[in-house]
**Q** 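Structure in structure tokens, see below.
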Amino acid sequence: MFLFVKLLDMTTKLTKAERTRRTRRAILDRAHLLFASQGYAATATEEMIQGLGITRGALYHQFKGGKQAVFEAVVEEAYGKIATHITSQVHSIEDNWEQLVQASRAFLEIAQHDDLRRIVFIEAPAVLSAERLVQFDQYGFGLLQEGIQLMVEQEQLDVVDAEGFSHLLNGALNELAAWVAQHPDSQRLQTAQALVEALLKQHHR
């Protein structure tokens with residue numbers, strides 16, 4: 001009997017944990033759609049739970065900082081999607097130089113993805129601090145810096161300083177992506193990609 005009660009208690013806890021996970025997932029999915037379509041300022045917390053059978057209290061239980069906390073969680077997931085997209089574009093490329101070029105092109109492509117364009121390149125810089133954005137970009141920037149350092153060591157890139165060039169390229173990519181995101185037409189994307197390739201070729205051995 002004791003074992004049965006114990007198992008029942010564990011099942012209840014697992015059910016509550018799953019319910020919590022599903023509630024959080026539902027809020028994030030809806031918030032993502034709202035932020036992507038109408039922006040941060042125009043999105044109210046009531047809209048995030050509308051039709052989900054979730055109370056505002058449940059939202060604040062999941063996200064202590066309310067709307068701002070939900071937005072940060074959405075942005076964090078968006079950066080994860082960017083990393084996944086870039087990885088999918090370069091995983092079959094063996095040459096380091098080609099990887100760097102294709103990764104840069106893939107990053108700029110994100111600025112035309114409707115589900116990420118506004119959130120990452122328009123809303124996030126306007127809502128979040130520069131320090132917070134750097135935290136979200138740590139993983140991606142770390143991979144970029146590792147790749148550039150490797151290419152410098154292999155004498156494929158000729159730069160004054162590998163770390164400094166990593167920041168230079170990262171900054172250029174972010175600025176160009178924001179430029180593309182403002183007017184998502186194919187010509188602007190192609191121009192941005194050509195500019196980055198021209199910058200890289202200046203330092204390619």
Side-chain angles (χ1 to χ4, degrees), residues 4-92 103 105-144 170 173-174 177-178 180-182 184 189:
F4 174 75
V5 172
K6 199 69 177 172
L7 287 172
L8 183 63
D9 182 55
M10 288 176 63
T11 303
T12 303
K13 287 182 179 179
L14 287 173
T15 302
K16 287 181 179 179
E18 178 61 18
R19 201 157 51 232
T20 296
R21 187 195 69 78
R22 290 183 179 183
T23 297
R24 180 181 178 86
R25 183 72 267 151
I27 294 171
L28 286 175
D29 288 344
R30 179 155 178 78
H32 184 109
L33 289 174
L34 291 168
F35 291 138
S37 61
Q38 62 189 36
Y40 179 84
T43 298
T45 53
E46 289 81 5
E47 290 180 279
M48 296 181 197
I49 59 175
Q50 188 175 4
L52 298 179
I54 297 171
T55 65
R56 289 188 65 186
L59 184 147
Y60 281 94
H61 177 72
Q62 294 285 335
F63 303 94
K64 304 300 183 185
K67 176 180 171 180
Q68 171 90 13
V70 174
F71 182 69
E72 288 196 15
V74 168
V75 173
E76 184 175 14
E77 286 194 344
Y79 271 87
K81 291 179 180 178
I82 291 175
T84 299
H85 173 71
I86 294 174
T87 300
S88 71
Q89 297 298 304
V90 304
H91 78 280
S92 62
R105 291 177 62 86
F107 176 78
L108 293 171
E109 288 172 359
I110 294 294
Q112 290 201 329
H113 287 200
D114 288 338
D115 65 325
L116 297 174
R117 177 182 67 83
R118 183 168 186 171
I119 291 173
V120 175
F121 302 111
I122 299 176
E123 299 297 327
V127 176
L128 305 179
S129 67
E131 291 77 13
R132 196 73 176 110
L133 292 176
V134 168
Q135 290 177 347
F136 288 139
D137 194 31
Q138 269 187 332
Y139 176 72
F141 178 73
L143 291 178
L144 176 66
N170 193 55
L173 285 168
N174 284 326
V180 171
Q182 294 293 337
L189 172 60

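Numbers here are sequence positions counted from 1.
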**Q** Can you tell me how far the CD atom of E18 sits from the OG1 atom of T23, to the nearest 0.5 Å?
**A** 9.5 Å
**Q** Are any non-hydrogen side-chain atoms of L133 and Y79 less than 4.5 angstrom apart?
**A** yes
**Q** Can F71 and F35 be said to form a ring pair (Phe, Tyr, Trp, His ring centres under 6.0 Å), step by step?
**A** CA-CA 8 Å; F71 182 69; F35 291 138; 5.0 Å; yes
**Q** If you take all heavy atoms of Y60 and G66, which pair is closest and at what distance?
**A**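 Smallest heavy-atom distance, with atoms named: CE2-CA, 3.4 Å.
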**Q** For I49 and T55, work out which heavy atoms get closest and say how close.
**A**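 That closest heavy-atom pairing would be CD1-C, 3.7 Å.
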**Q** Do Q182 and F121 come within less than 4.5 Å of each other through their side chains, counting heavy atoms only?
**A**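 The answer is no; the side chains never approach within 4.5 Å.
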**Q** Drop me the distance from I110's CD1 to L189's CG, to the nearest 0.5 angstrom.
**A**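 Between I110 CD1 and L189 CG, I get 10.5 Å after rounding to 0.5 Å.
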**Q** For A36, does its backbone N or O pair with a side-chain atom of R118 as donor and acceptor, under 3.5 Å?
**A**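 No; judged by distance alone, with no hydrogens or angles, the pair does not exist.
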**Q** H32 and L116: side-chain contact (heavy atoms from CB on, under 4.5 Å), yes or no, with the steps?
**A** CA-CA 9 Å; H32 184 109; L116 297 174; 4.1 Å; yes
**Q** Treating E77 as the side-chain partner and V74 as the backbone partner, does any N or O pair qualify as donor plus acceptor under 3.5 Å?
**A**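 No.
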**Q** Rounded to the nearest 0.5 Å, what separates atom CG in L28 from atom CG in L33?
**A**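 Atom-to-atom, L28:CG and L33:CG are 11.0 Å apart.
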**Q** Could you measure the distance from the CG atom of L144 to the CG atom of D137? Nearest 0.5 Å is fine.
**A** 9.0 Å
**Q** Between I86 and F107, which heavy-atom pair has the shortest distance, and what is it?
**A**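 Nearest pair, atom of I86 first, then F107: CD1-CB, 3.9 Å.
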**Q** Can you tell whether the side chains of E72 and K67 come within less than 4.0 Å, N to carboxylate O?
**A** no
**Q** Are any side-chain N or O atoms of N174 and backbone N or O atoms of N170, one a donor and one an acceptor, separated by less than 3.5 Å?
**A**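 Yes.
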**Q** So which heavy atom on A177 is nearest to which on A111, and how close?
**A**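 Shortest heavy-atom separation between A177 and A111 comes out as O-CB, 3.3 Å.
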**Q** Using modelled atom types and a 3.5 Å cut-off, is there a donor and acceptor pairing between side-chain atoms of K81 and backbone atoms of D115?
**A** no
**Q** Distance-only, no hydrogens or angles: does the E123 side chain make a donor-acceptor pair with backbone N or O of Y40 under 3.5 Å?
**A**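 Yes, E123 side chain to Y40 backbone: donor-acceptor pair under 3.5 Å.
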**Q** Please determine if R105 and E109 form a salt bridge, counting it only when a charged side-chain N lies under 4.0 Å from a carboxylate O.
**A** no
**Q** Measure the CG-CD distance between L34 and E47 for me, rounded to the nearest 0.5 Å.
**A** 5.5 Å
**Q** Ignoring hydrogens, what is the shortest heavy-atom contact between R30 and M48? Give both atom names and the distance.
**A**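 Answer, listing the atom of R30 first, then M48: CD-O, 3.3 Å.
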**Q** Find the distance between CD (Q62) and CD1 (I27) and round it off to the nearest 0.5 Å.
**A** 5.5 Å
**Q** R56 and E46: which non-hydrogen atoms are nearest, and at how many Å?
**A**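 Where R56 meets E46 most closely, the heavy atoms are NH1-OE2, 3.2 Å.
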